[in-house]
Amino acid sequence: MTLHIPFDNSFARLPTAFYAAQKPHPVKSPRLVAWNGALARILGLPEEAEDGFAEVFAGNAVPDGAEPLAQLYSGHQFGQYNPQLGDGRAILLGEVVGSDGIRRDIQLKGAGRTPFSRGGDGRAWLGPVLREYVVSEAMHALGIPTTRALAAVETGEEVWRETVLPGAVLTRVARSHLRVGTFQVFAARGDTESLKRLTDYAIARHYPEADGPMGLLRAVRAAQAELIAAWLSVGFIHGVMNTDNSSISGETIDYGPCAFLDVYHPATVFSSIDRGGRYAYASQPDIAVWNLAQLATALIQQYDDPQAVVEEATEIVHGMPGMIHRAWLARFAAKIGIAEPREEDAGLVADLLTLMAEGQADFTNTFRALATGKARDQFTDRDAFDRWAESWRARIVGEADAEGLMLRSNPAFIPRNHRMEEMIAAAVAGDYAPFHRLNTVLSTPYEDQLEADDLTRAPLPEEVVPATFCGT
Ligand code: AMP
Ligand code: MG
């Protein structure tokens with residue numbers, strides 16, 4: 001087999017200050033365990049996996065036209081600036097312009113050590129690889145901007161974490177891997193030449209209509225504001241919103257300890273490393289603004305007189321909370337059947353969320369049940385719900401298609417944490433049936449699927465996943 005990938009590598013044409021050339025490190029006995037035919041088709045690749053794909057997507061065989069490299073970046077991790085990050089376990093093979101005209105990176109995650117690996121082994125184990133595969137594809141099907149998963153390969157090698165685990169490589173596809181941290185590294189070094197070059201590159205690649213660095217800042221603000229509202233609307237908690245995990249393209253990136261809410265509570269945190277709750281569900285809007293402020297701080301360093309643009313940059317950052325609120329209101333109003341929200345509707349949504357928090361109602365199932373008239377059953381205090389529902393019904397009386405809107409805005413299926421754990425345990429034992437089933441069901445999350453009703457069930461007390469772990 002000769003797999004032809006139509007590479008066109010714009011990032012590799014940037015100066016070498018941006019990356020380190022690095023080939024993936026071969027693995028012992030690669031085995032392809034997942035191939036995303038639908039995505040492959042967009043990229044101009046075969047829809048059916050062929051012999052030899054395992055070698056390519058494990059990094060054993062570098063395809064013609066690839067220019068493998070590890071990208072440089074830095075970033076704030078839990079609020080602390082770390083100048084020494086970069087792709088420590090990910091290698092960019094190159095870029096492909098898809099049949100939809102969109103340029104995308106093809107990257108192997110878990111492909112071995114790079115000059116940016118620090119103490120790490122550059123590898124990934126099967127659990128986080130399958131988690132990212134399922135969750136990123138589920139996010140895409142939910143209509144949320146995200147990096148995607150093209151392939152997963154078992155390496156046949158062991159990876160040491162707390163214990164010995166099976167190694168794996170994920171092929172990640174993204175509109176780019178430019179992060180807030182990609183800008184921060186050059187700003188922190190005072191390398192304004194590279195910063196300017198990167199700004200021009202990001203504008204040309206993602207926001208060709210943007211006018212200069214402040215135009216870029218505005219465009220990233222708009223994309224990130226929509227993204228955060230979308231996350232909140234499906235109960236998604238990213239878990240590690242460090243600036244190096246904040247994408248310039250506005251895609252969800254770096255699925256580590258991410259998780260979805262079961263019962264609703266705004267302060268929910270799953271990540272085992274987020275001890276202070278910095279990245280709790282309801283804190284995500286504030287963190288997105290904080291991250292945008294870091295991007296603004298980096299971008300202004302390229303002006304001859306940075307002070308002269310501070311005011312404009314500040315204004316842009318200060319406008320973000322309002323934008324997130326409006327995007328949040330549009331999404332949550334739709335979830336309760338309101339097509340064109342008024343500001344007062346925010347109170348109606350907030351009251352429902354308060355009832356849900358007090359009654360420990362399941363986020364996904366409660367919203368889904370609003371359309372079918374069964375939401376009441378999700379609450380212990382049904383009188384309180386009935387009182388809320390009275391104002392709600394009065395509000396949506398004139399809506400043309402409240403039910404349809406609710407069914408399109410409230411998924412029946414999300415990748416529930418306990419199902420993900422179950423899926424990983426099965427795959428480690430060699431059974432990929434739950435993995436394939438989750439992918440299939442989650443590909444149409446807004447459709448009722450009677451045969452998959454078990455996947456809508458909230459976890460039993462003994463099934464609740466108390467904490468999630470980074471993929472490292
Ligand atoms: P993350 O928390 O996954 O965003 O990763 C933070 C930083 O640690 C990035 O620079 C990663 O490339 C690096 N990193 C994570 N896991 C590994 C690993 N197993 N080996 C080397 N570097 C890693
Ligand atoms: Mg990261």
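Sequence positions, counted from 1, serve as the residue numbers for this chain. Values below: every heavy atom of this structure, side chains too, minus hydrogens, waters and symmetry copies. Whatever order the structure lists them in is the order used to number ligands and atoms, beginning at 1.
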Got an N/O contact under 3.5 Å between [X] and ligand 1?
X	value
V240	no
G122	yes
G86	yes

Exercise for review: Evaluate the criterion salt bridge (charged side-chain N to carboxylate O under 4.0 Å, His left out) for residue pair E312 and R218; output intermediate values, then yes/no.
Suggested key: CA-CA 10 Å; E312 184 182 358; R218 284 178 206 278; 3.2 Å; yes
Using a strict 4.0 Å cut-off to heavy atoms of [X], name the atoms of ligand 1 that fall inside it.
X	answer
N245	4 (O)
D244	4 (O)
D121	18 (C), 19 (N), 20 (N)
R161	19 (N)
G120	20 (N), 21 (C)
R123	19 (N)
D254	4 (O)

Practice item. With the Mg ion (ligand 2) as the centre, enumerate protein N/O/S atoms below 2.8 Å in chain and residue order. Key: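 Listed by chain and number, the atoms are N245 OD1, D254 OD2.
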Check your understanding: Looking at R205, E95, H206, R104, which hits side chain to side chain donor-acceptor pair (under 3.5 Å) with S176?
Key ->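 Output: one option passes, namely H206.
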When the ring centroid of [X] is compared with that of [Y], is the distance short of 6.0 Å?
X	Y	value
Y446	F413	no
F18	F186	yes
F57	W35	yes

Exercise for review: Work out whether the distance between some heavy atom of R113 and some atom of ligand 1 is less than 4.0 Å.
Suggested key: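 The answer is no: ligand 1 sits nowhere under 4.0 Å from a heavy atom of R113.
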Check your understanding: Should one rank R89, Q71, Q84 by closest heavy-atom distance to atom 5 (O) of ligand 1, which comes out on top?
Key ->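 Nearest option to atom 5 (O) of ligand 1, by heavy atoms: R89.
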Review point. Can you name the residues that form a ring-ring contact (aromatic ring centres under 6.0 Å, His included) with Y303, not counting sequence neighbours?
Key: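 Checked Y303 against ring-ring contact (aromatic ring centres under 6.0 Å, His included); zero matches.
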Practice item. To the nearest 0.5 Å, tell me how far I287 CD1 sits from L292 CG. Key: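 I287 CD1 to L292 CG: 13.0 Å, rounded to 0.5 Å.
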Check your understanding: CZ of R131 to CZ of F469: how many Å apart, nearest 0.5 Å?
Key ->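 R131 atom CZ to F469 atom CZ measures 10.5 Å (nearest 0.5 Å).
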Review point. Salt bridge check: are K109 and D254 linked by an N-O gap of less than 4.0 Å?
Key: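 Salt bridge between K109 and D254, a charged N being under 4.0 Å from a carboxylate O: yes.
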Practice item. Name all residues meeting the side chain to side chain donor-acceptor pair (under 3.5 Å) criterion together with N242; count only those two or more places apart in sequence or in a different chain, and write none if there are none. Key: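 Scan of N242 (side chain to side chain donor-acceptor pair (under 3.5 Å), adjacent residues dropped) gives Y279.
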Exercise for review: Is it possible for you to check whether R278 lies under 6.0 Å from the centre of the six-membered ring of F78, through NZ or CZ, and within 45° of that ring's axis?
Suggested key: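 Because its charged atom misses either the 6.0 Å distance or the 45° angle limit, R278 does not stack over F78.
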Review point. Side chain, backbone, both or neither: which part of F116 has a heavy atom under 4.0 Å from ligand 1?
Key: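 Within the 4.0 Å criterion, F116 makes no contact with ligand 1.
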Please table the atom pairs, donor to acceptor, closer than 3.5 Å between any side-chain atom in residues 142-150 and protein atoms at least two apart or in another chain.
unit_1: T146; atom_1: OG1; unit_2: Y255; atom_2: OH; d: 2.5
unit_1: R148; atom_1: NE; unit_2: E137; atom_2: OE2; d: 3.1
unit_1: R148; atom_1: NH1; unit_2: H140; atom_2: NE2; d: 3.2
unit_1: R148; atom_1: NH2; unit_2: E137; atom_2: OE1; d: 2.7

